[in-house]
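Whatever order the structure lists ligands and atoms in, that order sets their numbers, starting from 1. Values below: every heavy atom of this structure, side chains too, minus hydrogens, waters and symmetry copies.
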Amino acid sequence: MNASMSETVTPSAGQGRIDWALRGMPVLKAIEKRLTESGTLVGLRVGVALVLEPKTANLALALNRAGADVSVYCVGRNTDGRVASALAEAGLQVFAEEGAGDERDLELARDFLRTKPDILLDDGASLIRLAHREFPELVASMLGAAEETTSGVRPLRAMNDEGALHIPVIAVNDAKTKYLFDNVYGTGQSCVMAMLDITNLQLAGRNVVVVGYGWVGTGVAKHAAAMGARVIVTELDPIKALQALHDGYRVLSLADAAPQAEVIFAATGIAGVVTAAHVADLPSGAILCTAGGGAFELPMDYLDSTGTGRIVREAITEYTLPSGKTVQVISEGDCLNCADAEGNPIEVMDLSLSLQALAAEQIATEATSWAPGVYPISVDAENAVAVIRLRHEGATLEPLTDELTAAMRSW
Ligand SMILES: NC(=O)c1ccc[n+]([C@@H]2O[C@H](COP(=O)([O-])OP(=O)(O)OC[C@H]3O[C@@H](n4cnc5c(N)ncnc54)[C@H](O)[C@@H]3O)[C@@H](O)[C@H]2O)c1
Ligand SMILES: N[C@@H](CCSC[C@H]1O[C@@H](n2cnc3c(=O)[nH]cnc32)[C@H](O)[C@@H]1O)C(=O)O
């Protein structure tokens with residue numbers, strides 16, 4: 001290779017990571033084209049409040065190129081600073097500082113809402129709830145919002161039941177092309193890999209307890225078992241517990257599983273599922289992490305008030321309890337794949353983030369006539385994402401002929 005051929009322009013660290021992710025996002029590229037051609041988002045302010053890393057950056061940039069005025073918010077623990085800088089350089093308004101603490105995050109969240117988004121793309125419903133608490137005029141003028149995750153959809157439904165939700169929200173999480181892929185395969189892979197990268201431990205032969213066998217728990221169990229872990233599942237729901245048994249795992253209450261638990265993945269999205277009493281029964285050195293909603297699933301208050309915490313390696317806090325027992329908490333109990341790893345894989349976020357773009361389209365075109373409430377994304381949008389991905393993979397669908405239709409209707 002001669003010298004001139006090897007000369008390249010190196011993008012900034014953030015832009016390089018964004019460009020790399022875009023290579024694996026054919027669905028988002030197709031949706032950007034559709035939005036650009038329709039002009040649906042031109043002149044609208046769209047606030048993106050999702051985990052801020054290269055895949056989300058591509059969503060923000062795609063919406064921007066399609067004509068929206070885009071601002072971005074994220075808590076410090078889920079922000080990739082290189083990506084935040086690259087987005088600011090691209091002219092987006094960015095309210096996210098890597099490593100910012102709770103107080104600064106709240107200031108940034110308020111400043112983000114002061115940009116008066118017409119459409120809000122949220123994760124965990126935290127910005128939708130903050131807007132309802134502190135920015136009633138904004139809520140009154142907003143077209144609507146979209147929610148990314150299970151633990152955001154749940155409180156929004158509760159708000160709606162009490163008449164406290166004042167905007168239409170599309171539950172992106174509830175699209176089949178979201179939860180069947182992102183929550184299961186994406187989160188299963190990224191959380192197990194994050195735990196292994198952070199600790200550098202081997203999983204084969206270890207007792208891994210998965211708390212909750214919903215979509216995320218299923219994926220975590222599958223990936224942990226594939227790496228040789230002995231998986232125990234804990235569940236409240238007898239059907240999910242029976243499913244876990246048929247998938248080949250032991251099923252025990254957490255109290256029964258705790259004495260053998262070398263690693264615990266909380267995957268419920270519900271506060272307080274792992275308690276101080278469970279910790280008392282763990283073997284010394286057990287590892288606690290959250291694949292689900294966040295640190296609230298673990299007994300962090302108990303550990304902080306009773307134990308002595310010491311950072312023993314990046315993203316690992318070792319608590320020594322009065323009994324002398326130690327437990328290791330990963331990522332301070334936050335979702336470890338988003339806090340201290342790369343998040344879910346690119347291909348799976350291509351599906352979820354494309355659904356967010358389609359939810360923005362639906363809010364701009366249809367939600368103007370909707371009453372406040374939690375709505376599913378359109379079946380067309382859900383299917384469009386699957387069809388584009390299948391086409392990109394070179395997969396072909398069986399054609400539905402008149403004969404097959406008649407056969408399926410016959411009795
Ligand atoms: N880390 C990520 O990237 C990521 C991705 C998707 C979803 N999530 C989050 O993961 C959490 C789970 O999501 P999901 O889609 O699997 O939800 P889900 O509702 O399908 O599953 C939750 C399961 O937990 C069970 N459960 C509740 N309380 C329990 C308890 N005390 N003990 C045992 N089981 C209990 C429920 O019966 C249910 O089966 C949510 O907070 C969601 O927002 C995280
Ligand atoms: N809000 C949580 C973190 C993520 S919630 C879970 C959601 O994050 C989404 N997610 C997981 N990985 C990524 C990623 O890499 N980029 C953007 N979103 C992600 C995923 O769709 C899921 O529904 C917190 O405060 O700790």
> Does some non-hydrogen atom of D182 fall short of 4.0 Å from ligand 2?
yes
> What do we get for C335 next to ligand 1 when only non-hydrogen atoms under 4.0 Å count, side chain, backbone, both or neither?
side chain
> Are more than 12 heavy atoms from other residues, nucleotides or ligands located less than 6.0 Å from atom CG of D237?
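Count over threshold, so yes.
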> Considering only residues two or more places apart or on different chains, which pairs with a residue in residues 196-209 satisfy side chain to side chain donor-acceptor pair (under 3.5 Å)?
N207-R230
> My understanding is that only one of E314, E318, R313 makes a side chain to side chain contact (heavy atoms under 4.5 Å, CB included) with I316; could you say which?
R313
> Got more than 12 heavy atoms from elsewhere within 6.0 Å of CZ, R114?
yes
> Judged on heavy-atom distance to atom 5 (C) of ligand 1, which of V233, N337, T187, L236 sits nearest?
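It is T187 whose heavy atom sits nearest to atom 5 (C) of ligand 1.
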> Please lay out, stage by stage, how F112 and Y73 fare under the test ring-ring contact (aromatic ring centres under 6.0 Å, His included).
CA-CA 6 Å; F112 166 78; Y73 165 77; 5.8 Å; yes
> Do other residues, nucleotides or ligands put more than 12 heavy atoms under 6.0 Å from Y185 OH?
no
> May I ask you to say whether E342 pairs ionically with R17, meaning some side-chain N is under 4.0 Å from a carboxylate O?
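Salt bridge: yes.
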> As a check for students: among G212, A194, A266, identify the option with a heavy atom nearest to atom 34 (N) of ligand 1.
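Looking at heavy atoms only, G212 sits closest to atom 34 (N) of ligand 1.
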> When you compare ligand 1 with K240, is there at least one nitrogen or oxygen pair between them that comes in under 3.5 angstrom?
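Such a contact does occur with ligand 1.
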> Show which atoms of ligand 2 fall inside a sub-4.0 Å distance from at least one heavy-atom site of R77.
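Those atoms are 24 (C), 25 (O), 26 (O).
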> Taking N or O atoms only and a 3.5 Å limit, does T149 qualify as a polar contact for ligand 2?
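Checking ligand 2 against T149, an N or O pair does fall under 3.5 Å apart.
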> With heavy atoms only and a cut-off of under 4.0 Å, state how T56 meets ligand 2: side chain, backbone, both or neither.
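The answer is the side chain.
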> List the closest protein heavy-atom neighbour of atom 15 (O) of ligand 2: residue, atom name, distance to the nearest 0.1 Å.
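Nearest neighbour among protein heavy atoms for atom 15 (O) of ligand 2, to 0.1 Å: K55 NZ, 2.8 Å.
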> With heavy atoms only and a cut-off of under 4.0 Å, state how D182 meets ligand 1: side chain, backbone, both or neither.
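Only the side chain of D182 comes within reach of ligand 1.
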> Name all residues meeting the side-chain hydrogen bond (donor to acceptor under 3.5 Å, both in side chains) criterion together with D256; count only those two or more places apart in sequence or in a different chain, and write none if there are none.
S253
> Pull out every atom of ligand 2 sitting under 4.0 Å from any heavy atom of K178, numbered as shown with elements.
21 (O), 22 (C), 23 (O)
> Within the structure, is a non-hydrogen atom of C338 found at a distance of less than 4.0 Å from ligand 2?
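C338 counts as a contact of ligand 2 under the 4.0 Å cut-off.
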> Just heavy atoms, cut-off under 4.0 Å: does M349 contact ligand 2 by side chain, backbone, both, or neither?
side chain
> Could you tell me the residue and atom name of the protein heavy atom closest to atom 44 (C) of ligand 1, and the distance to it rounded to 0.1 Å?
A291 O, 3.4 Å
> In the protein, which heavy atom is nearest to atom 11 (C) of ligand 2, and how far is it?
N344 ND2, 3.4 Å
> Can a donor-acceptor pair be found between the side chains of D19 and Q15 at a distance below 3.5 Å?
yes
> Looking only at heavy atoms, is any part of E53 under 4.0 Å from ligand 2, and if so is it the side chain, the backbone, or both, or is it neither?
side chain
> Looking only at distance, does E297 have an N or O less than 3.5 Å from an N or O of ligand 1?
no
> Is the closest heavy atom of D123 to ligand 2 under 4.0 Å?
yes
> Which bit of E235 is near ligand 1, meaning a heavy atom under 4.0 Å away: side chain, backbone, both or neither?
both
> If you measure from atom 26 (N) of ligand 1 to every heavy atom of L336, T268, V273, which option wins on shortest distance?
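Nearest option to atom 26 (N) of ligand 1, by heavy atoms: T268.
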> Does N78 have a heavy atom less than 4.0 Å from any atom of ligand 2?
yes
> Minimum distance, heavy atoms only, to atom 16 (O) of ligand 1: which one of T290, V274, N344, V216 is it?
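Among T290, V274, N344, V216, the closest heavy atom to atom 16 (O) of ligand 1 comes from V216.
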